[in-house]
Amino acid sequence: MKAEIITVGTELMIGSTLNTNGPYLSRKLTDQGIEVAYHQSISDGREVIEEALRIALGRSDLIFLGGGLGPTQDDQTKEIVAKSLGRKLIRDKDLEEDLRRYFSSRNYKMTQNNLKQADIIQGSQIIQNKNGTAVGECLALDRGYLYLLPGPPREFEPMVDDLVANYLPKGDFDIYLKSIQVMLLGESTIESRLRELGLESPETSINTFAKLGEVEIKIISKLLREDPDKAEKLAYHERVIQELKKEFAPFIYSEEGEDLAQALVQKLIKKGQRISFAESITGGRLAQKITSVPGASKILKSSYVTYSNEYKIKDLGVSQDLLARKGAVCQEVADEMALGLYKRTGADLSLGTTGEAGPISNENKPIGTLYFSIAHQGKLVEGKKLDLRGDRQSIQEKGTILVLSHLMAYLKRGENHDQ
């Protein structure tokens with residue numbers, strides 16, 4: 001059973017809106033054992049939608065169209081689908097009454113074009129929209145099913161959850177997924193080591209997905225539900241996971257789908273330790289990453305953005321003589337920032353960063369140079385120079401992720417020593 005996802009919207013084509021609907025639905029379908037074979041993203045044009053639908057009807061069992069169900073003239077997905085299938089649009093009186101109540105309860109004037117949202121395709125099953133006025137529809141076809149879904153993510157995602165729970169046929173396969181989040185190793189290095197291990201089988205694939213400063217390793221096993229050797233193949237899936245965990249143990253920061261900041265917050269909560277940041281080049285991004293995670297107040301003691309030398313001296317006690325001799329971009333300054341921060345806050349972990357983000361160097365140091373230092377209970381435990389590439393924003397963002405990665409690696413090493 002093959003699925004095809006068609007996301008409709010000119011805003012997707014011109015780059016003003018990021019397409020999050022396709023990936024969201026893909027994940028949900030994969031979890032149900034349904035293979036997503038095709039994605040199409042198309043504009044609102046009638047001919048474009050007709051062509052995309054014609055192609056999908058000829059090759060896919062389950063077709064999902066997201067977008068173009070609203071009240072405006074550009075919203076014509078439903079009309080085009082009805083015409084392509086040779087079916088009529090029928091005004092649903094209950095939906096019309098729901099629309100009138102919706103606008104009346106909010107003291108909005110309902111324009112006539114909103115009534116098109118009460119028209120449904122002949123023979124379809126309505127899927128209720130809990131967060132908007134455009135309902136979804138499920139249509140049985142000779143070959144499979146076609147689903148119409150609203151475009152706005154706040155409407156699309158809850159409807160997909162409902163659709164998966166109540167409207168989807170069961171796939172032929174059980175899909176087993178495991179994600180391992182890896183830091184401080186490049187994708188090419190990981191890929192090379194995976195090839196050497198040679199763990200893939202016809203049913204089990206290992207894929208890598210590079211992100212900013214980290215890599216996700218995803219193990220996917222696709223097993224027929226009625227396979228007589230299913231138990232043996234599932235056991236192999238588990239063995240692959242254990243082999244990869246052994247191979248990349250020092251670099252794994254999560255197996256639960258967390259991002260790095262979430263994993264760090266949870267680890268520090270578990271350890272009962274608190275942290276403070278003194279940031280120059282990263283400009284508050286370290287603290288921002290941590291405070292974006294619920295529970296951060298339990299572990300973040302304080303944060304300083306000491307961008308100027310004046311406040312490196314005033315707030316952190318960095319030596320004026322050191323700054324005069326070596327400038328702000330050096331390991332010694334990062335060290336003094338971390339140690340001065342400990343004296344100021346008493347945090348279990350204190351972390352300082354300094355460097356050159358560009359595009360112009362203030363101290364004739366290479367753009368992308370970043371120094372960081374970590375102090376634990378007032379003793380320096382980690383310090384390193386990073387050489388980063390890119391524009392100012394990418395240097396700051398990647399530097400933030402890498403510094404947090406080194407912090408996580410230090411915490412993991414401490415756990416290993418305790419064992």
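What's counted below: heavy atoms across the whole structure, side chains too, no hydrogens, waters or symmetry copies. As the structure is a prediction and not an experimental result, all values here were calculated from the model.
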Whether the Ser124 and Glu137 side chains hold a donor-acceptor pair (N or O, under 3.5 Å, no angle test) is what I'd like checked.
yes
Check the side chains of Thr133 and Gln117 for a donor-acceptor pair under 3.5 angstrom, ignoring hydrogens and angles.
yes
Taking C-beta and beyond as the side chain, do [X] and [Y] meet within less than 4.5 Å on heavy atoms?
X: Met337; Y: Val318; answer: yes
X: Glu238; Y: Tyr176; answer: no
X: Gln40; Y: Ile5; answer: no
X: Ile275; Y: Ser350; answer: no
X: Glu279; Y: Thr306; answer: no

Heavy atoms only: give me the nearest [X]-[Y] pair and the separation to one decimal.
X: Ser26; Y: His39; value: OG-NE2, 2.7 Å
X: Phe156; Y: Pro150; value: CD1-O, 3.2 Å
X: Met159; Y: Leu148; value: SD-O, 4.4 Å
X: Leu264; Y: Met408; value: N-CE, 3.6 Å
X: Ile42; Y: Ala52; value: CD1-CB, 3.7 Å

With the threshold set at 4.0 Å, does a side-chain nitrogen-carboxylate oxygen contact exist between [X] and [Y]?
X: Lys78; Y: Asp119; answer: no
X: Glu310; Y: Lys314; answer: no
X: Lys222; Y: Glu35; answer: yes
X: Glu243; Y: Arg239; answer: no
X: Lys385; Y: Asp387; answer: yes
X: Lys245; Y: Glu255; answer: yes
X: Arg101; Y: Glu97; answer: yes
X: Lys116; Y: Glu79; answer: yes
X: Asp174; Y: Lys230; answer: yes
X: Glu397; Y: Arg392; answer: no

Partners passing side-chain hydrogen bond (donor to acceptor under 3.5 Å, both in side chains) against Lys398 (at least two apart in sequence or in another chain):
none
Do any N or O atoms from the side chain of [X] and from the backbone of [Y] form a donor-acceptor pair under 3.5 angstrom?
X: Asn113; Y: Thr72; result: no
X: Ser254; Y: Ala263; result: no
X: Arg193; Y: Glu247; result: yes
X: Thr77; Y: Gly67; result: yes
X: Lys365; Y: Val329; result: yes

Given Leu194, which partner from the list Leu199, Thr189, Leu244 fulfils the side-chain contact (heavy atoms from CB on, under 4.5 Å) test?
Leu244
Assess whether salt bridge (Lys or Arg N to Asp or Glu O under 4.0 Å) is satisfied between Glu96 and Arg100, documenting all intermediate values.
CA-CA 6 Å; Glu96 180 179 347; Arg100 295 188 185 280; 3.0 Å; yes
Salt bridge (charged side-chain N to carboxylate O under 4.0 Å, His left out) filter on Glu4, not counting sequence neighbours, yields Arg59
For residues 321-330, the side chain to side chain donor-acceptor pair (under 3.5 Å) pairs (sequence neighbours left out) are Asp321-Arg325, Lys326-Glu332
Side chain to side chain donor-acceptor pair (under 3.5 Å) evaluation trace for Asp161 with Tyr24:
CA-CA 10 Å; Asp161 295 342; Tyr24 186 87; 2.8 Å; yes
Using atom types as modelled, flag every donor-acceptor pair under 3.5 Å from a side chain in residues 202-210 to any protein atom, sequence neighbours excluded.
unit_1, atom_1, unit_2, atom_2, d
Glu203, OE2, Lys233, NZ, 3.2
Thr204, OG1, Ser221, OG, 2.6
Ser205, OG, Asn207, ND2, 3.3
Thr208, OG1, Glu187, OE2, 2.9

When the side chains of residues 370-380 are checked against the rest of the protein, which donor-acceptor pairs come out under 3.5 Å, sequence neighbours left out?
unit_1, atom_1, unit_2, atom_2, d
Ser373, OG, Asp335, OD1, 2.8
His376, ND1, Tyr410, OH, 2.7
Gln377, NE2, Asp348, OD1, 2.9

Listed once per pair and sorted, the ring pair (Phe, Tyr, Trp, His ring centres under 6.0 Å) pairs that draw on residues 306-358, sequence neighbours left out
none
